[in-house]
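The next block holds one structure in the form of structure tokens; read it before the comments.
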Amino acid sequence: MSTSTTQYDIVTIGSATVDHFADTDSELIKIKSRHHQEQLIAFPLGSKLLIHELKTTVGGGGTNTATAFAHLGLKTAYLGKLGDDAAGDFVLQRLHEEGIDFLGAREGQTGFSVILNSIEDDRTILAFKGANDHLRSAELPTLNTQWLYISSMLGESWESVLELTRTHHFNIAFNPSSYQAEQGHASLRELLQRVSILILNREEACMLLGRDPAERIETPELIKALHQLPP
């Protein structure tokens with residue numbers, strides 16, 4: 001375990017991906033039943049479809065928020081895991097351009113997403129987590145930061161995040177994903193007890209409380225229910 005001697009305003013921890021946005025002539029199909037409605041993006045089976053426009057960017061909850069904090073003038077670092085590949089080099093280059101330090105590790109294959117845009121500008125995302133899920137506790141540095149911003153981490157990386165928060169003392173902001181929120185409050189209790197700021201959208205708040213997001217629950221009611229939970 002290494003030690004970061006630089007004093008940071010904030011360190012973000014979360015996923016890093018290379019995102020490929022593909023603009024195609026797909027169809028949007030709507031399926032409606034008495035109790036359910038769903039929209040699907042459809043592609044002809046066995047066909048080769050032309051991509052009209054392809055855009056490649058860096059994404060992910062860890063790197064996106066690090067960029068936002070850096071733009072606000074904060075001394076920022078990103079902690080995560082990148083693959084030892086060209087995609088990882090691409091992410092590192094973008095972080096360097098934004099003045100963000102990388103404190104993580106490199107091994108395996110960098111996470112990536114393919115975002116399929118339909119003709120009506122709806123989208124479906126194909127996500128490959130790759131190295132994002134395999135940040136080991138032995139790869140975590142000793143941090144010198146005022147704040148730690150935690151976005152969604154899964155698998156081995158989630159266990160490493162918990163280990164990090166057990167052994168360090170700093171302010172924590174947490175933005176769980178829908179994957180984590182739908183597991184309920186009990187599954188996140190250990191981290192939530194250390195969190196200063198919890199960031200949720202309406203759907204995630206419902207999931208965390210065990211409520212159906214389809215219910216017509218007003219935001220003030222959700223906030224009151226969240227306030228009753230420890231801490």
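Under a 4.0 Å N-O distance rule, the pair Arg211/Glu221 qualifies as a salt bridge.
At least one donor-acceptor pair closer than 3.5 Å links the side chain of Ser15 to the backbone N or O of Gly61. Looking at Ser157, its side chain does come within 3.5 Å of a backbone N or O of Leu135 through a donor-acceptor pair. Put simply, the side chain of Ser177 gets close to the backbone of Tyr179: a donor and an acceptor are under 3.5 Å apart. Here the side chain of Thr76 pairs no donor or acceptor atom with the backbone of Ile100 at under 3.5 angstrom. Side chain of Asp9 to main chain of Lys75: a donor-acceptor pair is present (N/O by atom type, distance under 3.5 Å, no hydrogens or angles). Side-chain atoms of Thr145 come within 3.5 Å of backbone N or O of Trp147 as a donor-acceptor pair. Using a distance-only test at 3.5 Å, with no hydrogens or angles considered, a donor-acceptor pair links the side chain of Glu204 to the main chain of Asn201. Under the 3.5 Å distance criterion, the side-chain polar atoms of Arg202 are left unmatched by any main-chain donor or acceptor of Thr219. Not a single donor-acceptor pair under 3.5 Å links the side chain of Lys81 to the backbone N or O of Asn132. Asp84 places no side-chain N or O within 3.5 Å of a backbone atom of Arg106 that could act as its donor or acceptor partner.
The only member of Glu159, Glu107, Glu156 that meets side chain to side chain donor-acceptor pair (under 3.5 Å) when paired with Arg136 is Glu107. Among Phe174, Phe69, Phe170, the single residue meeting the ring pair (Phe, Tyr, Trp, His ring centres under 6.0 Å) criterion with Tyr149 is Phe69.
Side-chain contact between Val195 and Ile150: absent, with no pair of heavy atoms (C-beta onward) separated by less than 4.5 Å. Side chains of His185 and Leu209 form no contact here, defined as non-hydrogen atoms less than 4.5 Å apart. With a 4.5 Å cut-off on side-chain heavy atoms, Val58 and Phe90 count as touching. Taking the side chain as every heavy atom from C-beta outward, Asn144 and His168 never approach each other to under 4.5 Å. Using a 4.5 Å heavy-atom cutoff, the side chains of His96 and Asp101 are not in contact. Between Leu164 and Leu79, some side-chain heavy-atom pair lies under the 4.5 Å cut-off. Between Leu162 and Ser160 the shortest side-chain heavy-atom distance does not fall below 4.5 Å. Side-chain atoms of Ile197 and Asn171, non-hydrogen and from C-beta on, never get closer than 4.5 Å to each other.
Here the straight-line distance linking atom CD1 of Ile217 with atom SG of Cys206 works out to 4.0 Å at 0.5 Å rounding. Interatomic distance, OG1 of Thr57 versus CD1 of Ile115, reported as 6.5 Å (0.5 Å rounding). Here the OG1-CG distance, from Thr142 to Leu103, works out to 11.0 Å after rounding to the nearest 0.5 Å. One distance of note links CG of Asn175 with OG1 of Thr65; it measures 8.5 Å at 0.5 Å rounding.
For Glu215, the CD atom counts as densely surrounded, since its 6.0 Å shell holds more than 12 non-hydrogen atoms of other residues, nucleotides or ligands. The 12-atom threshold is exceeded at CZ of Phe128, counting heavy atoms of other residues, nucleotides or ligands nearer than 6.0 Å. Remark: Arg94 CZ is loosely packed, at most 12 non-hydrogen atoms of other residues, nucleotides or ligands lying under 6.0 Å away. Atom NE2 of His52 sits in a crowded spot, with more than 12 heavy atoms from other residues, nucleotides or ligands closer than 6.0 Å.
Using a 4.5 Å cut-off between side-chain heavy atoms of Ile, Leu, Val, Met, Phe, Trp and Tyr, with links allowed through other members, Leu222 and Leu229 fall into the same hydrophobic cluster. There is a path of hydrophobic side-chain contacts, each under 4.5 Å, that joins Tyr8 to Leu140. Residue Leu116 is not grouped with residue Leu54 when hydrophobic side chains (ILVMFWY) are merged at heavy-atom distances under 4.5 angstrom, including chains of intermediate members. Hydrophobic clustering, with ILVMFWY side chains joined whenever heavy atoms are under 4.5 angstrom apart, keeps Leu200 apart from Met207. Linking ILVMFWY side-chain heavy atoms closer than 4.5 Å, directly or via other members, places Leu148 and Trp158 in a single hydrophobic cluster.
Nearest heavy atoms, Gly14 versus Ser151: CA-OG, 3.2 Å. Residue Thr63 comes nearest to Ala16 through the heavy atom pair CG2-CB, 3.6 Å, listed as atom of the first residue, atom of the second, then distance. The nearest pair of heavy atoms linking Ala131 to Gly83 is CB-N, 3.9 Å. Across all their heavy atoms, Ala66 and Thr12 have their closest contact at CB-OG1, 3.4 Å. What you find for Glu190 and Arg194 is that their closest heavy atoms are O-NH1, 3.1 Å. Residues Leu198 and Leu192 share a closest heavy-atom pair of CD1-CD2, 3.8 Å.
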Worksheet entry | Criterion side chain to side chain contact (heavy atoms under 4.5 Å, CB included) on His134 and Lys129, from CA distance to verdict | CA-CA 9 Å; His134 302 289; Lys129 300 297 290 184; over 6 Å; no

Fill in: Derivation of the side chain to side chain contact (heavy atoms under 4.5 Å, CB included) call for Gln193 and Leu191
CA-CA 5 Å; Gln193 290 174 343; Leu191 179 58; over 6 Å; no

Worksheet item: Can you check side chain to side chain contact (heavy atoms under 4.5 Å, CB included) on Lys55 and Asp23, steps first, answer last?
Response: CA-CA 9 Å; Lys55 182 179 180 181; Asp23 187 9; over 6 Å; no

Item to complete: Kindly indicate, with the supporting measurements, whether the criterion side chain to side chain contact (heavy atoms under 4.5 Å, CB included) is fulfilled by Gln180 and Leu154.
Response: CA-CA 8 Å; Gln180 293 176 307; Leu154 302 175; 4.2 Å; yes

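With hydrogens and angles left out, the side-chain atoms of Asp85 and Thr110 include a donor and acceptor closer than 3.5 Å.
Ring planes of His20 and Phe112: perpendicular class, angle over 60° (limits at 30 and 60°).
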